[in-house]
Amino acid sequence: QVQLVESGGGLVQAGGSLRLSCAASGRTFGSYAMGWFRQGPGKERAFVATISWSGSNTYYADSVKGRFTISRDNAKNTVYLQMNSLKPEDTAVYYCAARRIAIPSTTLYDYWGQGTQVTVSS
């Protein structure tokens with residue numbers, strides 16, 4: 001029903017910034033909360049950030065709080081993750097996810113994108 005495509009990943013030096021985008025497509029787009037997750041090499045998938053449908057409520061993992069910002073543009077069916085002060089520990093495949101209710105969650109999502117690679121060098 002809903003397809004999610006991430007973009008904006010790449011290679012950046014520690015302390016640099018990247019902005020990830022997630023474009024949602026489908027015949028309809030309801031009041032979905034959105035989230036970002038990441039999975040580093042040999043690691044489990046981990047929560048990064050989530051945002052309510054309205055954009056008024058956001059939550060972040062402690063590891064990224066103060067450095068990353070999640071936002072959305074519902075007119076464009078797109079969610080963003082602004083990543084500042086990047087660290088080598090942020091290296092991972094970043095996944096966008098959609099949830100079929102407006103309230104955000106750190107765990108419960110219905111749709112997932114294919115991911116975009118972020119690599120942070122020392």
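In this chain, residues are counted from 1 in sequence order.
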Are Arg99 and Trp53 in a cation-pi contact, defined as NZ or CZ under 6.0 Å from the six-membered ring centre and within 45° of the axis?
no
Cluster overlap Tyr109 with Leu4, hydrophobic side-chain contacts below 4.5 Å:
no
Gln114 atom CD, over 12 foreign heavy atoms within 6.0 Å:
no
Nearest-0.5 Å distance, CD1 of residue Ile51 to OG of residue Ser56:
8.0 Å
Residues Val79, Cys96; criterion side-chain contact (heavy atoms from CB on, under 4.5 Å); working and verdict
CA-CA 8 Å; Val79 64; Cys96 176; 3.6 Å; yes
Check against side-chain contact (heavy atoms from CB on, under 4.5 Å), Val2 and Tyr32:
CA-CA 11 Å; Val2 176; Tyr32 293 176; 3.5 Å; yes
Test applied, side chain to side chain contact (heavy atoms under 4.5 Å, CB included); reference residue, Arg38; option that passes from Thr116, Val64, Leu81:
Val64
Distance col, row Thr58:OG1 vs Lys65:NZ, nearest 0.5 angstrom, shows 9.0 Å
Taking all non-hydrogen atoms of both residues into account, name the closest pair between Thr91 and Val120 and its distance.
OG1-N, 2.9 Å
Would you please classify the geometry between the Phe68 ring and the Tyr94 ring as parallel, tilted or perpendicular, with 30° and 60° separating the classes?
tilted
Just how far is it from atom OG of Ser17 to atom CZ of Arg67, taken to the nearest 0.5 Å?
10.0 Å
Quick one: pull up CD1 in Ile101 and OG in Ser31 and give me the separation to the nearest 0.5 Å.
11.0 Å
Assess the side chains of Ser105 and Tyr59: does a donor N or O sit below 3.5 Å from an acceptor N or O?
no
With a cut-off of under 6.0 Å to the ring centre and 45° to the axis, is Arg45 in cation-pi contact with Tyr95?
no
Any donor-acceptor N/O pair, Glu6 side chain to Gly115 backbone, under 3.5 Å
yes
In short, Met34 meets Ala98 closest at the heavy-atom pair SD-CB, 3.5 Å
Side chain of Ser63, backbone of Ala61: donor and acceptor closer than 3.5 Å?
no
Answer yes if Val93 and Tyr111 sit in the same cluster of Ile, Leu, Val, Met, Phe, Trp and Tyr residues linked by side chain heavy atoms under 4.5 Å apart, and no otherwise.
no
Can you check whether Phe37 and Phe47 have ring centres sitting under 6.0 Å from each other?
yes
Member of Asn84, Leu11, Val12, Asp90 meeting the side chain to side chain contact (heavy atoms under 4.5 Å, CB included) criterion with Leu18:
Val12
Give, for atom OG of Ser21 and atom CZ of Arg72, the distance between the pair rounded to the nearest 0.5 Å.
13.5 Å
Considering all heavy atoms, the nearest Pro104-Thr50 contact:
CB-OG1, 3.2 Å
Determine, step by step, whether Tyr80 and Thr69 satisfy the side-chain hydrogen bond (donor to acceptor under 3.5 Å, both in side chains) criterion, reporting the C-alpha distance in whole Å, the side-chain angles of both residues, the deciding distance to 0.1 Å, and the verdict.
CA-CA 8 Å; Tyr80 306 95; Thr69 302; over 6 Å; no
Could you check if a side-chain atom of Trp36 sits within less than 4.5 angstrom of a side-chain atom of Leu20, using non-hydrogen atoms only?
yes
Smallest heavy-atom separation, Pro88 atom then Ser122 atom, equals CG-OG, 3.6 Å
